[in-house]
Amino acid sequence: MKYKSTRNPQIKITSAQAIAQGLSHEGGLFVPEELPKMGENDILNLCEKSYAERAFEIFRLFLEDFSDEEIRYCVENAYGGNFDTENIAEISHLLKGTYILELWHGPTCAFKDMALQILPYLLTVSAKKTIPDKKTAILVATSGDTGKAALEGFKNVEGTTISVFYPEEGVSDMQKRQMQTQEGDNVFVCAVKGNFDDCQNGVKAIFTDKNFASELEKNGIVLSSANSINWGRLCPQIVYYISAYAELIKNEEIRYGEKINIVVPTGNFGNILAAYYAKEMGLPINKLICASNANNILTDFINTGVYDRNREFYTTISPSMDILISSNLERLLYHLSGENTDLVNKWFSSLKENGRYEVTPEVKEKISGLFYAGCCNDKETKAAIKDCFGSYSYLMDTHTAVAYKVYGDYKKSTGDNTKTVIASTANPYKFGAAVFEALGGINSGEGTDEFDIIEKLEAMTKTVIPEPLAATKNKAVRFRDVIEREKMPETVMNFLTK
Ligand SMILES: *Cc1c(COP(=O)(O)O)cnc(C)c1O
């Protein structure tokens, strides 16, 4: 199976090239030429398998240029002891027929681990096939979760280095602490004076600097990205939806063929796009429910067909969804427009020039058939955390709470009682201060730090702080540098050629 670009019909490359390269040169995203199908037997065959074995079966369909041995090497290294549960992704129950798919049992306690634990292996195998004898240097600008998950994924992976830049004032205390205490011999972390956009622009400037690239070339190094538009991040996300369905059959919650809804708290549209791919592969899915916070650009888009980023940006208590450009939407629009690269080019140049585009009535109708969209502000998010804990003694993080609230609205407005899986994207302790407040805790006061708050939350809810977060308290800070944005190229070069 080959991969094509959403913006240029001439491009056709292997999966290894798509993963090693990340983004197509003209700016398009790589998509599979044809989606593999999974029927009843394929799904039933997964029921008795482990998560890594399920991942193996699904990756084989997408990575035809990888040998079985290579795929096995990737899945076995990624989905083992790095997670705090043998099932890798756990399913919890609220009401009968409402399930929470916990995607945060990995080393950084957010769902980004599901893809970033395996990406380094997919990337090094891909690089070996396409650019042998080169070292890969990963550069990441992060607003929190991605940076830490990428650091944990790439630490000590042979043939790679990873450099992460985060905004000095733009991440939570816990996120900063997680990154500053990062272990590994091939890692570099640095704060930048400025906001997330400054970091992002700084990294982009390095990627497009030809002199920088040729200087690295002399040292046998190529730059790459662990960004969520890489196919190597999307493919692992398809796995957990299919795996969850097989698990529900195994647990006799559903029979094969019974349709389920999937609810996803959405930012960059990667996670929900993976659910769409699972549905197109034949997984019996009814509605895809797209949940946004106050940055509800996707709610408006799905309901009107107009994508308009000319709006206020809100900083919310679900910061990983504070996004006004949902990059992965481009892949959906490519498929729904009948792979019409002309239309995709037109829409995305309009987005670049005017901050806005409107899809055709045909595409809008297809979107309405597949998706339901809703949104939720901070106040409603906190109320959802309280309600869920009160009703089911289940503690959710702020992102999952957005999905919970929107799902409640969906049920009310449609009366649909289809069994439903809510994707849970972070452990509640990762956003402990907001969760504690939602339950009525008061966390201001002299000398209160992140650890005081999560310890109070632990006592209040009789739940347990996950080990990787607790461990950061006593870990040595390794990275204290704060630099001006202009110093980023020089700083990266020093690290890479030292
Ligand atoms: C990244 C992230 C999201 C958003 O996922 P997308 O794939 O960007 O839609 C939601 N919740 C958490 C906790 C995240 O880290």
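Note that the structure is predicted; figures quoted are calculated from it, not measured. Both ligands and their constituent atoms are indexed starting at 1 by order of listing.
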- Item | Polar side chain donor-acceptor pair, Tyr407 to Thr420, under 3.5 angstrom | yes
- How does Phe269 reach ligand 1, by side chain, by backbone, by both or by neither, if only non-hydrogen atoms under 4.0 Å count? backbone
- Task: Run the numbers for me: atoms of ligand 1, each under 4.0 Å from some heavy atom of Asp145, listed by number.
- Result: 13 (C), 14 (C), 15 (O)
- Task: May I ask whether Ser228 places a heavy atom under 4.0 Å from ligand 1?
- Result: no
- Which ligand 1 atoms, with their elements, are less than 4.0 angstrom from a heavy-atom of Gly270? 6 (P), 7 (O), 9 (O)
- Query: With a cut-off of 4.0 Å, which atoms of ligand 1 are near a heavy atom of Gly267?
  - Reply: 4 (C), 6 (P), 8 (O), 9 (O)
- Item | Per-atom contacts of ligand 1 with Asn271, taking only distances under 4.0 Å to non-hydrogen atoms | 7 (O)
- If we number the atoms of ligand 1 from 1 as shown, the ones under 4.0 Å from a heavy atom of Thr266 are 9 (O)
- Message: Give me the nearest non-hydrogen protein atom to atom 14 (C) of ligand 1 as residue plus atom name, then the distance to 0.1 Å.
- Response: Lys112 NZ, 2.9 Å
- Query: Do you see a donor-acceptor pair shorter than 3.5 Å between the side chains of Ser92 and Glu102?
  - Reply: yes
- Task: Classify the side-chain pair Glu330/Thr6 by whether it contains a donor and acceptor separated by less than 3.5 Å.
- Result: yes
- Task: Identify which one of Glu365, Lys364, Lys366 satisfies the side chain to side chain contact (heavy atoms under 4.5 Å, CB included) criterion when paired with Ser368.
- Result: Lys364
- Taking the six-membered ring for Trp, are Tyr307 and Trp347 ring centroids under 6.0 Å apart? no
- Which ligand 1 atoms does Ala426 reach within 4.0 Å, using its non-hydrogen atoms? 13 (C)
- Message: Just to be sure I'm reading this right: ignoring hydrogens, which of Asn268, Asn427, Thr425 gets closest to atom 12 (C) of ligand 1? Compare them by their nearest heavy atoms.
- Response: Thr425
- Among Ile272, Leu283, Leu234, which residue meets the side chain to side chain contact (heavy atoms under 4.5 Å, CB included) test with Tyr277? Leu234
- Below 4.0 angstrom, N of the basic side chain to O of the carboxylate: do Asp409 and Lys405 qualify? yes
